[in-house]
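For reference, the structure is listed below as structure tokens.
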Amino acid sequence: MDKIVIEGCHRLEGRVRINGAKNAALPIMAACILLNGPSRIKGIPDIVDIQTQSEILKNLGGEIKRFEDGTFEIIFRDGENADRFIAPYELVKKMRASICVLGPLLSKRRKAKVSYPGGCVIGQRPIDLHIKGLKALGAQIETAEGYITAAADRLKGTEISLMGQYGTTVLGTCNVMTAAVMAEGTTIIEHAACEPEVQDLANFLNKAGAKIAGIGEDRLIIEGVRELNGVDYEIIPDRIEAGTFMIAGAITKGDITLENVRTEHLTAVIDKLRDIGVEVVADNNNARIKGSSLYHNVDLTTLPYPGMPTDMQAQFMALLCTVEGKSIITEKVFTDRFMHVPELIRMGADIRIEVSSAIIRGKPFLSGASVMVSDLRAGAGLVLAGLVAKGTTQIDRIYHLDRGYERLEERLSKLGAVIKRISD
Ligand code: EPZ
């Protein structure tokens with residue numbers, strides 16, 4: 001298993017280009033099941049989750065080619081592969097997002113059998129809202145032997161609320177939307193997720209011929225259509241990758257410029273960085289991050305978009321561990337997503353968990369240690385902490401990082417970090 005080793009306390013400087021958004025690319029790739037003919041999609045990052053999604057789609061009859069410039073060609077053809085409707089455990093267990101083939105399969109092939117994704121290290125991850133939405137469209141759904149089996153004749157438009165105990169659901173909205181675009185009649189999704197990645201999926205589907213109104217609002221109105229066709233499309237930049245690099249600049253008190261950023265997708269992140277004392281200058285599709293030696297402690301609460309993303313919580317925690325004073329981070333999306341806390345404590349951080357809040361007393365410095373990654377964003381938080389820790393930090397189980405960040409260590413190294421990957 002590969003490791004990352006970081007020698008801390010090097011200031012970052014320079015420019016880095018942000019890739020297309022993983023969490024937009026995954027459901028958009030799955031939505032290609034609905035389309036007749038080839039789609040050429042630009043900006044899909046070269047990461048392990050995309051490889052997993054490609055395997056799942058190939059298993060369902062998709063033809064997938066990656067060109068040298070990173071563009072993907074994905075082809076499904078109407079009338080072919082009607083008998084292929086299973087996403088098996090061996091593939092689904094690698095990545096929860098594979099659940100987003102459920103809606104497209106059900107809509108297009110009338111049948112879907114998808115391995116139950118189960119819980120994971122960031123806490124309970126039920127799919128009751130996905131199932132509720134699909135049932136409302138007329139699907140018969142059973143869960144047995146670890147699989148969700150869904151069947152329907154042509155789905156029928158209806159009115160559905162996707163409000164759950166912790167707010168709405170991102171992939172649940174994607175699944176219900178992709179099922180509804182070819183349903184008979186009109187579907188109204190109340191309490192739809194508004195995340196930019198959900199908007200990107202809706203824009204992709206509309207380009208392919210769907211009729212989705214209310215994109216970016218919490219009420220989507222979808223007129224079912226009979227056919228969708230392959231399109232050329234470019235995925236939005238990854239706001240979480242951008243936010244992670246912003247904190248890399250901030251935590252090392254550096255001066256870095258991110259290219260290919262949609263700062264309007266990062267309002268909550270940028271506002272909070274400014275409250276802390278980081279200078280953020282947005283200019284066209286670039287964002288310049290200038291760190292300072294005088295930062296202020298802050299409180300933050302993760303919420304669905306446009307609130308502070310839960311996927312930025314671990315990264316902010318790393319930063320706040322180095323900011324003097326008491327900061328409180330409250331997690332309202334995945335209430336026990338704190339697996340990075342014991343690892344940050346190993347690096348000298350002072351953090352106490354109380355229910356779904358982390359109380360952080362910032363210190364002037366962290367110290368390098370051996371730590372272990374539990375999930376993608378926890379890993380990002382540990383890398384950021386390693387960039388400013390005194391001494392050497394060794395990070396194990398970085399396969400989690402490779403799921404969502406393309407060549408993270410190479411790109412940080414180009415900015416001046418002393419970081420390397422060690423392969424066993
Ligand atoms: C998506 O997961 C993202 N994954 C996650 O990013 C992200 O953390 C999350 O949205 C929240 O923004 C992808 O897009 C691939 P949810 P998703 O359904 O859709 C509860 C990363 O690191 N809930 O919006 O699975 C759930 O327990 C990943 O890139 C139900 O109660 O998240 C949670 O508390 C990690 N019932 C809340 O809703 C359901 O049926 C939000 O989860 C579904 C969810």
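As the structure lists them, so they are numbered: ligands from 1, and atoms in each ligand from 1.
Side-chain polar atoms of H265 and E195 form no donor-acceptor pair below 3.5 angstrom. In the model, H191 has a side-chain atom that pairs as donor or acceptor with a side-chain atom of S161 under 3.5 Å. The closest side-chain donor-acceptor pair between T71 and R66, if any, does not fall under 3.5 angstrom. For the residue pair E227/N229, the side-chain donor-acceptor check at 3.5 Å is satisfied. In this structure, a donor-acceptor pair under 3.5 Å is absent between the side chains of H400 and D375. For the 3.5 Å distance criterion, the side chains of Y233 and D200 qualify, holding a donor opposite an acceptor. Counted by atom type alone, E331 and T302 present one or more donor-acceptor pairs between their side chains at under 3.5 Å. For the residue pair E142 and T149, no side-chain donor N or O sits within less than 3.5 Å of a side-chain acceptor on the partner.
Nearest protein heavy-atom contact of atom 36 (N) of ligand 1 is D128 OD1, 2.7 Å. Ranking the protein heavy atoms by distance from atom 19 (O) of ligand 1 puts L171 N, 2.8 Å first. Given atom 38 (O) of ligand 1, the protein heavy atom at minimum distance is T168 O, 3.9 Å. In terms of protein heavy atoms, atom 15 (C) of ligand 1 is closest to N23 OD1, 3.3 Å. What sits closest to atom 17 (P) of ligand 1 on the protein, heavy atoms only, is R125 NH2, 3.7 Å. Of all protein heavy atoms, the one lying nearest to atom 20 (C) of ligand 1 is Y166 CD1, 4.3 Å.
Near L129, the atoms of ligand 1 lying under 4.0 angstrom from a non-hydrogen atom of the residue are 30 (C), 36 (N), 39 (C), 40 (O). Shown in contact with K22 at under 4.0 Å from a heavy atom are these atoms of ligand 1, numbered in order with element: 21 (C), 29 (O). Applying the 4.0 Å criterion to heavy atoms of I127 picks out, from ligand 1, the atoms 39 (C), 40 (O). Contact atoms of ligand 1 toward V333: 33 (C), 34 (O), 37 (C), 41 (C) (distance under 4.0 Å to a heavy atom of the residue).
The shell of residues lying under 4.0 angstrom from ligand 1, judged by heavy atoms, includes R337. Under the 4.0 angstrom criterion for non-hydrogen atoms, R377 is in contact with ligand 1. The closest approach between any non-hydrogen atom of H130 and ligand 1 is below 4.0 Å. Distances shorter than 4.0 angstrom do not occur between any heavy atom of K132 and any atom of ligand 1. Residue contacts with ligand 1: R96 is included, with a non-hydrogen atom under 4.0 Å away. Residue contacts with ligand 1: A97 is included, with a non-hydrogen atom under 4.0 Å away. The shell of residues lying under 4.0 angstrom from ligand 1, judged by heavy atoms, includes P126.
In L376, the part holding a heavy atom less than 4.0 Å from any atom of ligand 1 is the side chain. Contact annotation: for D311 versus ligand 1, heavy atoms closer than 4.0 Å belong to the side chain alone.
Between atom 24 (O) of ligand 1 and the options V170, I240, D336, the minimum heavy-atom separation is to V170. The closest non-hydrogen atom to atom 12 (O) of ligand 1, taken over T169, T310, T335, comes from T310.
An N or O contact shorter than 3.5 Å is missing between E195 and ligand 1 by distance. Polar contact with ligand 1: absent for F334 (N/O pair, distance under 3.5 Å).
Remark: K113 fails to qualify as a cation-pi partner of F85 under the 6.0 Å distance and 45° angle criteria applied to the six-membered ring.
A salt bridge links R262 and E264; the closest N-O separation between the charged side-chain nitrogens and carboxylate oxygens is under 4.0 Å. Salt-bridge formation is not detected for the pair D350/K326: no Lys NZ or Arg NE/NH1/NH2 atom is positioned less than 4.0 Å from an Asp or Glu carboxylate oxygen.
Rounded to the nearest 0.5 Å, atoms OG1 (T330) and CD (E354) are 10.0 Å apart. The CG atom of L300 sits 10.0 Å away from atom OG of S357, with the distance rounded to the nearest 0.5 Å.
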